[in-house]
Trainee: 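Here's a structure for you.
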Amino acid sequence: MPLPPSSLSEEILAWYDRNARDMPWRLGPKARREGHRPDAYKIWLSEIMLQQTTVAAVKPFFARFVNRWPTVGDLANAEASEIMAEWAGLGYYSRARNLHVCAKEVVENHGGAFPRTAAALKALPGIGDYTSAAIASIAFDEAAPVVDGNIERVITRLYRISAPLPGAKPHVKEKVTGLTPKDRPGDFAQAMMDLGATICVPRSPSCLLCPAAEQCEARSHGDQTAYPVKAAKRPVPQRTGAAFVATRSSDGAVWLRRRPASGMLGGMAEAPSTAWSARKDGETGADVAPFKADWMHVGAIAHGFTHFKLTLEVYRAEIDAEPSNEGWWAARHEIADQGLPTLMRKVVDKALG
DNA sequence: GAGCCGTGGAC
DNA sequence: TGTCCAAGGCT
């Protein structure tokens with residue numbers, strides 16, 4: 001006999017009170033019950049960074065951002081290039097561009113304070129369904145239904161929802177709405193995410209430790225790992241291109257330029273490379289270099305993206321003068337500070353040995 | 001709705 | 001090595 005939803009929510013909250021993960025941006029359940037509120041700026045910043053990104057990867061980036069820009073006003077006043085460089089390595093760079101735009105909108109249109117409802121938050125750039133509900137519930141106690149990948153997994157198992165995602169998302173959201181308690185919506189959202197991240201994991205869920213095990217329909221059928229059902233994905237194509245690392249003969253400085261604001265690695269620094277994003281094969285020789293030089297082939301690097309795999313042939317040359325007016329010299333000891341995305345860090349490492 | 005958009009870790 | 005995937009949003 002399944003218990004009513006409120007009881008299930010209480011079981012999960014009680015589990016959270018005992019097992020909440022400690023995060024730099026999080027206020028624990030004890031402090032929340034004592035009436036304290038987390039800093040909305042830190043909740044927002046962490047939620048943006050956590051989009052499709054692991055907690056472990058986010059932690060050092062979050063610490064650097066908060067240290068350098070302690071408030072949303074500080075972030076709004078920063079240069080876009082500084083933010084992009086600080087974000088380098090975290091991926092999905094449109095998040096960094098939207099981060100800056102959002103901070104400026106909060107300052108200019110909301111008096112420097114984040115709006116307190118999910119609906120108003122969702123109007124800001126980079127904040128969608130999930131993030132608006134997460135911020136509203138965690139920072140402002142609005143009972144907005146929070147649905148992320150963890151919660152999709154927990155819910156589809158609990159109710160043995162066999163329709164494939166993302167089509168089944170409205171059904172999942174409906175279930176979450178029914179479960180979310182009015183008095184502790186933020187803690188409940190974080191409890192469900194912690195449950196999905198530590199107990200109800202994709203491959204080998206620890207059902208013996210799960211506070212919802214007795215009410216889990218998938219577990220009663222013994223097919224927990226069959227959920228969530230997801231639509232089949234397409235195979236990822238292979239693409240190739242070439243990258244060109246020019247060093248200045250006088251001091252070894254490296255010639256870099258900035259990629260266009262939109263598209264792959266938009267707005268990030270790079271060593272000049274061919275238009276690999278639009279190319280399937282061919283044109284990987286030194287003859288497609290962006291400028292004339294005595295190019296030497298030094299090898300190739302491979303890099304996997306979400307929707308294609310890339311192999312870049314890497315060339316190096318020493319030159320004397322600036323090859324164009326669109327770029328800059330980066331001193332060898334400053335390359336780590338240039339904000340190179342990981343792909344380009346691999347290219348430069350390959351070229352310079 | 002489906003494609004675009006990074007990266008690093010687990011298995 | 002390959003595959004999956006991790007607190008998604010935008011177009």
Side-chain angles (χ1 to χ4, degrees), chain A residues 21 23-26 42-62 84 87-99 101-102 121-139 144-154 164-170 173 176 186 188-198 200-204 225 228 230-239 259-268 270 277-278 302-310 339-346:
Chain A
R21 289 180 293 172
M23 313 275 186
W25 48 85
R26 180 182 276 183
K42 291 182 180 177
I43 297 301
W44 164 71
L45 180 60
S46 68
E47 290 299 346
I48 301 298
M49 289 183 165
L50 286 162
Q51 290 169 1
Q52 296 292 288
T53 309
T54 58
V55 169
V58 164
K59 280 183 175 175
F61 284 85
F62 178 81
M84 300 306 289
W87 196 277
L90 197 56
Y92 283 137
Y93 298 99
S94 66
R95 294 184 295 174
R97 296 194 296 274
N98 284 331
L99 193 78
V101 176
C102 182
L121 286 160
K122 197 179 167 184
L124 293 165
I127 300 181
D129 262 336
Y130 160 76
T131 306
S132 59
I135 298 172
S137 65
I138 294 171
V146 176
V147 181
D148 76 327
N150 285 308
I151 294 173
E152 283 177 348
R153 189 169 53 254
V154 172
L165 290 169
K169 197 157 184 175
K173 192 171 182 177
V176 172
F188 182 72
Q190 295 175 98
M192 290 286 280
M193 291 190 278
D194 279 15
L195 193 59
T198 64
C200 195
V201 296
R203 287 189 174 83
S204 299
T225 54
K230 294 188 177 178
K233 355 181 142 70
R234 307 178 318 169
V236 298
Q238 170 76 45
R239 293 179 180 170
R259 293 180 60 81
S262 62
M264 291 292 299
L265 309 179
M268 301 300 290
E270 71 163 359
S277 65
H303 193 71
F305 291 107
T306 306
H307 55 295
F308 64 91
K309 296 177 186 175
L310 178 65
L340 288 174
T342 299
L343 168 69
M344 290 301 160
R345 190 170 48 72
K346 289 182 182 176

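Basis for what follows: all heavy atoms, side chains included, without hydrogens, waters or symmetry-related copies. In what follows, every chain begins at residue 1, and chains take the letters A, B, ... in the order their sequences are listed.
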Trainee: Does A:T131 or A:K309 map to a spot on DNA chain C nearer the 5' end, using the closest nucleotide for each?
Mentor: A:K309

Trainee: At under 4.0 Å between heavy atoms, what does A:W87 touch on the DNA or RNA strands: base, sugar-phosphate, or nothing?
Mentor: nothing

Trainee: Quick one: label A:G266 by what it contacts on the DNA or RNA (base, sugar-phosphate, nothing), any heavy atom closer than 4.0 Å.
Mentor: nothing

Trainee: For a quick check of understanding: with a heavy-atom distance under 4.0 Å over all strands, which category does A:G304 fall into, base, sugar-phosphate or nothing?
Mentor: base

Trainee: Looking only at heavy atoms, what is the nearest atom pair of A:C200 and A:R153, with distance?
Mentor: O-NE, 2.7 Å

Trainee: Does A:I151 reach a base, just sugar-phosphate, or nothing at all? Heavy atoms under 4.0 Å.
Mentor: nothing

Trainee: If we take the P atom in both B:dC5 and C:dA6, what is their distance in whole Å?
Mentor: 22 Å

Trainee: Would the base of B:dG6 count as contacting A:T306 through its side chain, where contact means a donor and an acceptor less than 3.5 Å apart?
Mentor: yes

Trainee: Applying ring-ring contact (aromatic ring centres under 6.0 Å, His included) to A:H303 and A:F305, what does each step give before you reach the verdict?
Mentor: CA-CA 7 Å; A:H303 193 71; A:F305 291 107; 4.9 Å; yes

Trainee: For A:F61, enumerate each residue passing the ring pair (Phe, Tyr, Trp, His ring centres under 6.0 Å) test, keeping only those at least two apart in sequence or located in another chain.
Mentor: none

Trainee: If I take atom CD in residue A:Q51 and atom P in nucleotide B:dC4, what distance separates them, rounded to the nearest angstrom?
Mentor: 20 Å

Trainee: Mind listing the closest non-hydrogen atom pair of A:I43 and A:W25 along with its distance?
Mentor: CD1-O, 3.4 Å

Trainee: More 5' along DNA chain B: A:R203 or A:L265, using each one's nearest nucleotide?
Mentor: A:L265

Trainee: Just to confirm, is there a sub-4.0 Å distance from OP1 or OP2 of B:dC4 to any side-chain nitrogen or oxygen of A:R234?
Mentor: yes

Trainee: Could you work out, with side chain to side chain donor-acceptor pair (under 3.5 Å) as the rule, every residue matching A:K122, not counting sequence neighbours?
Mentor: A:D129

Trainee: State whether the distance check finds a donor on one side and an acceptor on the other, under 3.5 Å, for side chain A:T53 versus base B:dG8.
Mentor: no

Trainee: Report the distance from atom NE2 of A:H303 to atom P of B:dC5, rounded to the nearest whole Å.
Mentor: 13 Å

Trainee: What's the CE-P distance between A:M84 and B:dG6, to the nearest Å?
Mentor: 9 Å

Trainee: Give the rounded distance in Å between these two atoms: CG of A:N98 and C1' of C:dG8.
Mentor: 12 Å

Trainee: Can you tell me if A:R95 uses its side chain to pair, donor with acceptor, with the backbone of A:L90 under 3.5 Å?
Mentor: yes

Trainee: Check every strand shown and say whether A:K122 touches a base, only sugar-phosphate, or nothing at a heavy-atom separation below 4.0 Å.
Mentor: nothing

Trainee: In whole angstrom, give the distance that lies between atom CD of A:Q52 and atom P of B:dG6.
Mentor: 12 Å

Trainee: Measure the distance from NE2 on A:H307 to C1' on B:dC5 and round it to the nearest whole Å.
Mentor: 6 Å

Trainee: Under 4.0 angstrom, heavy atoms only, what part of the nucleic acid is A:P166 near: base, sugar-phosphate, or nothing?
Mentor: nothing

Trainee: Please report, rounded to the nearest Å, how far the C1' atom of B:dG8 is from the NZ atom of A:K59.
Mentor: 16 Å

Trainee: Need one value for A:R345: base, sugar-phosphate or nothing, where a base atom within 4.0 Å counts as base even if backbone is also close, heavy atoms only.
Mentor: sugar-phosphate

Trainee: Separation of A:Y92 atom OH from B:dG8 atom P, in whole Å?
Mentor: 13 Å

Trainee: When all nucleic acid strands are considered with a 4.0 Å heavy-atom cut-off, which category describes A:R153: base, sugar-phosphate, or nothing?
Mentor: sugar-phosphate

Trainee: State which of C:dG9, B:dG6, C:dA6 makes the closest approach to the side chain of A:Y130.
Mentor: C:dG9

Trainee: Categorize A:M23 for me: base, sugar-phosphate, or nothing, with a 4.0 angstrom heavy-atom threshold over every strand shown.
Mentor: base

Trainee: Using OP1 and OP2 only, check whether a side-chain N or O of A:K169 sits under 4.0 Å from C:dG8.
Mentor: no

Trainee: Of the options B:dG8, B:dG3, B:dG6, whose atoms approach the side-chain atoms of A:T342 most closely?
Mentor: B:dG8

Trainee: Write down the distance separating the P atoms in C:dT11 and B:dG6, rounded off to the nearest Å.
Mentor: 14 Å

Trainee: Run through A:I135, A:V146, A:L50 and flag the one making a side chain to side chain contact (heavy atoms under 4.5 Å, CB included) with A:Y130.
Mentor: A:V146

